[in-house]
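Okay, structure first, notes after.
Note that ligands are numbered from 1 as they come in the structure, with each ligand's atoms numbered from 1 the same way.
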Amino acid sequence: MLISGRGSNLQALVDAEARDELGGEIVVVISNKSEAFGLQRAKNAGIQTYVVSKRDYPIREEHDQRIVDILKDNQVDLVVLAGYMRVLTDVFISEFENRIINVHPALLPAFKGLDAQLQALDHGVRYSGCTTHFVNLEMDDGPIILQAVVPVQASDTGEVLADRILPEEHKILVDSVRLFCNGRLKVEGRKVLIREG
Ligand code: GAR
């Protein structure tokens, strides 16, 4: 798992694994920020952690290559971006084609990029939500796996809406990882087919 901050999505996966509901094992957590609270959550769960920072690897491709090396050393099958706030380079994506899942706090393809919840609010939508998708070279663009809809209230601030979306992120991310681990996801062009369980 790759993180940059708080790590609540990481925690959701850790908890699902502890309940035997993930269908896989979280073997390594990598953060680009040494102060990310998610690193502490990983350590608490006994998961090995690494920090790969921009300061140590200023060239984007070299940064991503270092992460790829760690992932390969650990023989990972799936990479989960859980609040990882960097765009991946081709070095990374070509190594893990259709094996990188991202969670985004909006109903893609609307409101890509940073502060998606605030973007939704500022746009005046009545419903927002969250999306899991396979990662391609474009930011927040790859084939969609699952989505959850969350109504917007007139009184919402970006923060309030984000807090309402977050538990839905946790659910669809856990579900998406389980579907992947159970071999039920098949990418066909822009679409993801979900095979019967
Ligand atoms: C989550 O809301 C996630 O969807 C978002 O960052 C937050 C991380 O929270 N990711 C993006 O906006 C990526 N485009 P967490 O660290 O508590 O999981």
Side-chain angles (χ1 to χ4, degrees), residues 1-18 22 24 26 28-45 47 49-54 60 63-64 67 78-89 92-93 96 100-123 125 127-152 156-178 180:
M1 296 192 65
L2 268 58
I3 61 165
S4 298
R6 178 179 55 181
S8 73
N9 277 286
L10 161 70
Q11 189 68 53
L13 264 67
V14 165
D15 294 345
E17 187 189 334
L22 198 58
I26 306 169
V28 59
V29 171
I30 304 172
S31 173
N32 61 321
K33 302 272 183 200
S34 58
E35 70 278 14
F37 181 62
L39 288 170
Q40 194 54 51
R41 295 182 193 261
K43 285 176 189 154
N44 292 346
I47 303 166
T49 61
Y50 292 83
V51 174
V52 181
S53 69
K54 192 171 154 182
R60 286 178 69 221
H63 182 270
D64 281 6
I67 295 178
L78 172 69
V79 182
V80 177
L81 309 184
Y84 183 67
M85 303 311 252
R86 276 177 74 100
V87 177
L88 305 186
T89 62
F92 197 142
I93 290 169
F96 288 95
I100 309 171
I101 293 178
N102 181 44
V103 60
H104 182 74
L107 292 174
L108 292 174
F111 312 125
K112 298 176 178 184
L114 291 176
D115 297 323
Q117 304 95 330
L118 200 56
Q119 290 184 52
L121 209 57
D122 288 347
H123 200 88
V125 295
Y127 293 91
S128 190
C130 47
T131 304
T132 56
H133 65 94
F134 285 111
V135 172
N136 63 14
L137 273 173
E138 307 295 318
M139 186 183 56
D140 298 327
D141 179 75
I144 289 170
I145 304 168
L146 296 175
Q147 294 189 300
V149 175
V150 173
V152 176
D156 277 350
T157 61
E159 211 169 306
V160 168
L161 181 59
D163 285 348
R164 196 163 340 102
I165 291 173
L166 194 61
E168 301 302 321
E169 291 187 37
H170 299 161
K171 283 187 214 155
I172 64 167
L173 187 58
V174 167
D175 288 348
S176 299
V177 170
R178 188 175 45 242
F180 180 93

Qualifying residue, where the test is side chain to side chain contact (heavy atoms under 4.5 Å, CB included) with L88 and the options are N102, L81, N136: L81
Would you say P105 contacts ligand 1, with heavy atoms under 4.0 Å as the rule? yes
Can you find a heavy atom in the side chain of N9 that is under 4.5 Å from one in the side chain of M1? no
Under 4.5 Å between any side-chain heavy atoms of I30 and T49, yes or no? no
Return the closest protein heavy atom for atom 16 (O) of ligand 1 as residue, atom name and distance. G7 N, 2.7 Å
Answer whether the closest heavy-atom distance between the side chains of V150 and Q117 falls below 4.5 Å. no
Would you mind checking which non-hydrogen protein atom is closest to atom 14 (N) of ligand 1, with the distance to 0.1 Å? H104 ND1, 3.1 Å
State if I3 counts as touching ligand 1 under the rule of any non-hydrogen atom under 4.0 Å. no
Considering only protein heavy atoms, which is closest to atom 15 (P) of ligand 1, and at what distance to one decimal place? S8 N, 3.4 Å
Around atom NZ of K33, are there more than 12 heavy atoms of other residues, nucleotides or ligands at under 6.0 Å? no
Residues forming a side-chain contact (heavy atoms from CB on, under 4.5 Å) with N32, sequence neighbours excluded: S4, H63, Y84, R86
When you measure from the heavy atoms of A116 to every atom of ligand 1, does any distance fall below 4.0 Å? no
Examine R6 against ligand 1 and note whether any of their N/O atoms are separated by less than 3.5 Å. yes
Sequence neighbours excluded, which residues qualify as side-chain contact (heavy atoms from CB on, under 4.5 Å) partners of A45? V14, I47
Around atom 13 (C) of ligand 1, find the nearest protein heavy atom and jot down its residue, atom name and distance. M85 SD, 3.8 Å
Got the closest protein heavy atom to atom 2 (O) of ligand 1, with its distance? E169 OE2, 2.8 Å
Considering heavy atoms of the protein only, find what lies nearest to atom 8 (C) of ligand 1 and give residue, atom and distance to 0.1 Å. G83 CA, 3.6 Å
